[in-house]
2 protein chains.
Amino acid sequence: MQTEEEILKIKKVKNTAVRTVVLRHLLSQEKAQSLKDIENALAYTDRSSIFRTLKTFEENKVIHSIEDGSGMTKYAVCAKGCNCDPKDLHYHFYCTNCDKTFCLFDVPIPKIQLPENFKLQQANMVVKGLCDNCNK
Amino acid sequence: MQTEEEILKIKKVKNTAVRTVVLRHLLSQEKAQSLKDIENALAYTDRSSIFRTLKTFEENKVIHSIEDGSGMTKYAVCAKGCNCDPKDLHYHFYCTNCDKTFCLFDVPIPKIQLPENFKLQQANMVVKGLCDNCNK
DNA sequence: CTTTTACTGCAACTCGATTGCAAAGATTAC
DNA sequence: GTAATCTTTGCAATCGAGTTGCAGTAAAAG
Ligand SMILES: [Mn+2]
Ligand SMILES: [Mn+2]
Ligand SMILES: [Zn+2]
Ligand SMILES: [Zn+2]
């Protein structure tokens, strides 16, 4: 696992106090985090600073965002080597019972055969159901 | 193509003036519509009435909703025979140039192999890129 | 016809997201 | 070094999609 400093250096994002704690928090969580999740976890950091940090991270492919239908955008750290292009696509799983959203890096995504002349750029693939913990 | 009245009858949703015009509008559009799209198209129908109509339609599987990441939930009429369960899953395509979102009923969705003990209930699969019209 | 239930329109409100602005901090120019 | 410049941060205000309470109207039941 890389440290926050290493990741920011690789992605050419200047390191600051806020950026470090936001990235550290994201790295420490197994489930994708909303702005509010982060705000609650980092009690003394302003929401708009976190918000702008997340935008910066997303632009520079430090993290990616997930629209899981809960009404709050979630964020997760990109896998090592991820460039956020179609080859890095993966499913996200949203548990309808415990509200956790996470990246399914290990489930292969089949090649999507788009109609003639369509161009694939990105995708937001959210699979919903019960996670192993809730399906008992 | 079925008429609004036929669809509502099959789905056991009582027909009203608002419901008819909302469903007629959805049927007339090739792209999925947001609440605002519908509000703009139906100048004399109140937003909250349209909103509640959409909720009723969704509960009764007349339509399904799509979170395409644009910030506004989009709605599209279900295909004939659709029960909105996993077997009726299909991709949605969001064109990043013209902002249209539509159902890709003809692109098969491969079986998703979830991790051990996960249960699939639903999914929101949005593929983003350029539509044939914009990819020139 | 009367009672009950469902639908509609309007206004108010919620809440996640976003922005303007000034202060603080970091970087570059001299 | 200091001054000028650019970037980041915190705070408050704002935006806008979504949602709700409520009273009036329409439809269904008795
Ligand atoms: Mn992910
Ligand atoms: Mn669809
Ligand atoms: Zn769960
Ligand atoms: Zn297009």
Side-chain angles (χ1 to χ4, degrees), chain A residues 4-5 8-9 11-26 31-60 62-76 94 99 101 124 126, chain B residues 4-5 8-9 11-26 31-60 62-76 94 99 101 124 126:
Chain A
E4 305 88 58
E5 288 78 10
L8 293 179
K9 193 166 192 181
K11 297 295 170 70
K12 298 188 169 59
V13 176
K14 202 203 299 178
N15 200 346
T16 70
V18 174
R19 288 174 188 174
T20 300
V21 292
V22 170
L23 183 51
R24 181 174 302 153
H25 174 74
L26 287 173
K31 62 166 180 159
Q33 300 285 292
S34 67
L35 175 55
K36 169 160 275 182
D37 288 338
I38 303 169
E39 196 186 352
N40 290 342
L42 308 179
Y44 297 107
T45 308
D46 183 73
R47 182 178 358 132
S48 63
S49 300
I50 300 170
F51 172 76
R52 285 186 269 230
T53 294
L54 291 171
K55 290 287 157 198
T56 302
F57 282 178
E58 197 174 11
E59 276 163 26
N60 291 280
V62 175
I63 63 176
H64 60 275
S65 60
I66 308 152
E67 302 281 335
D68 64 10
S70 69
M72 286 148 87
T73 304
K74 306 283 176 68
Y75 301 90
Y94 176 74
D99 287 315
T101 297
N124 183 58
V126 179
Chain B
E4 305 89 54
E5 288 78 10
L8 293 179
K9 194 166 190 182
K11 298 294 171 69
K12 298 190 170 61
V13 176
K14 203 204 298 180
N15 201 347
T16 70
V18 174
R19 288 175 189 174
T20 301
V21 292
V22 170
L23 183 51
R24 181 174 303 153
H25 175 74
L26 288 172
K31 62 168 181 160
Q33 301 284 293
S34 67
L35 175 55
K36 170 160 272 181
D37 289 337
I38 303 170
E39 196 186 350
N40 291 341
L42 308 179
Y44 298 106
T45 308
D46 183 72
R47 180 176 2 122
S48 63
S49 298
I50 300 171
F51 172 76
R52 284 186 270 228
T53 293
L54 292 170
K55 289 288 158 198
T56 301
F57 282 177
E58 196 174 11
E59 277 163 24
N60 291 280
V62 174
I63 63 176
H64 59 275
S65 61
I66 308 153
E67 302 280 336
D68 64 10
S70 69
M72 285 148 87
T73 305
K74 306 282 175 68
Y75 301 89
Y94 175 73
D99 287 315
T101 297
N124 183 58
V126 179

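Letters go in sequence order (proteins before strands), and every chain restarts at 1.
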Task: Given DNA chain D, 5'-ward residue of the pair Y75(B) and T53(A), judged by closest heavy atom - done: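 It is T53(A), whose closest nucleotide lies nearer the 5' terminus.
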Those residues that, when tested against [X], pass side chain to side chain donor-acceptor pair (under 3.5 Å) (two or more places apart):
{"X": "E58(A)", "result": "S65(A)"}
{"X": "T73(A)", "result": "E67(A)"}
{"X": "D46(B)", "result": "S48(B)"}

Given atom [atom1] of [X] and atom [atom2] of [N], what is their separation to the nearest angstrom?
{"X": "L54(A)", "N": "dT18(C)", "atom1": "CG", "atom2": "C1'", "answer": "13 Å"}
{"X": "K55(A)", "N": "dG16(C)", "atom1": "NZ", "atom2": "P", "answer": "15 Å"}
{"X": "E67(A)", "N": "dA17(D)", "atom1": "CD", "atom2": "C1'", "answer": "13 Å"}
{"X": "E59(A)", "N": "dT7(D)", "atom1": "CD", "atom2": "P", "answer": "13 Å"}
{"X": "M72(A)", "N": "dC15(C)", "atom1": "CE", "atom2": "P", "answer": "11 Å"}
{"X": "K14(A)", "N": "dC6(D)", "atom1": "NZ", "atom2": "P", "answer": "13 Å"}
{"X": "E58(B)", "N": "dG18(D)", "atom1": "CD", "atom2": "C1'", "answer": "13 Å"}
{"X": "I50(B)", "N": "dG18(D)", "atom1": "CD1", "atom2": "P", "answer": "12 Å"}

Task: Residue list, side-chain contact (heavy atoms from CB on, under 4.5 Å) with N15(A), at least two apart or on another chain - done: E5(A), L8(A), T20(A)
Task: side-chain contact (heavy atoms from CB on, under 4.5 Å) involving K36(A) - partner list, sequence neighbours excluded - done: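 By the side-chain contact (heavy atoms from CB on, under 4.5 Å) rule, K36(A) matches S34(A), N40(A), M72(A).
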Open item on the list: Which residues in residues 33-46 of chain B have a heavy atom closer than 4.0 Å to any atom of DNA chain D?
Closed with: L35(B), K36(B)
Taking side chain as C-beta onward, heavy atoms only, is [X] less than 4.5 Å from [Y]?
{"X": "D68(B)", "Y": "D99(B)", "answer": "no"}
{"X": "K31(A)", "Y": "K74(A)", "answer": "no"}
{"X": "V22(A)", "Y": "F57(A)", "answer": "yes"}

Side-chain donor/acceptor pairs under 3.5 Å, residues 49-56 of chain A, sequence neighbours excluded:
{"from": "T53(A)", "atom 1": "OG1", "to": "S49(A)", "atom 2": "O", "distance (Å)": "2.8"}
{"from": "T56(A)", "atom 1": "OG1", "to": "R52(A)", "atom 2": "O", "distance (Å)": "2.9"}

- [ ] Applying salt bridge (Lys or Arg N to Asp or Glu O under 4.0 Å), name anything that partners E39(A), two or more places apart in sequence or on another chain.
- [x] R47(A)
Open item on the list: According to salt bridge (Lys or Arg N to Asp or Glu O under 4.0 Å), who are the partners of R24(A), at least two apart in sequence or on a separate chain?
Closed with: E4(A)
Task: Below 4.0 Å: OP1/OP2 of dA27(D) and any side-chain N or O of T16(B) - done: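 It does not, given that no N or O in the side chain of T16(B) lies less than 4.0 Å from OP1 or OP2 of dA27(D).
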Open item on the list: So, taking the atom named NZ in K11(A) and the one named CG in N60(A), what distance separates them when rounded to the nearest 0.5 Å?
Closed with: 9.0 Å
TODO: Pick base, sugar-phosphate or nothing for R19(B), based on heavy-atom distances below 4.0 Å to the nucleic acid.
DONE: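 Contact class for R19(B): sugar-phosphate only.
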Task: Touch class at under 4.0 angstrom, heavy-atom based, for S49(A) against every strand present - done: base
Might you list the N or O atoms of the protein lying below 3.5 Å from N or O atoms in nucleotides 19-24 of chain C, with each pair's distance?
{"from": "dG20(C)", "atom 1": "O6", "to": "R52(A)", "atom 2": "NH2", "distance (Å)": "3.2"}

- [ ] Take the C1' atoms of the five end pairs on each side of the helix from dC1(C)-dG30(D) to dC30(C)-dG1(D), derive the two axes, and give their angle rounded to 10 degrees.
- [x] 20°
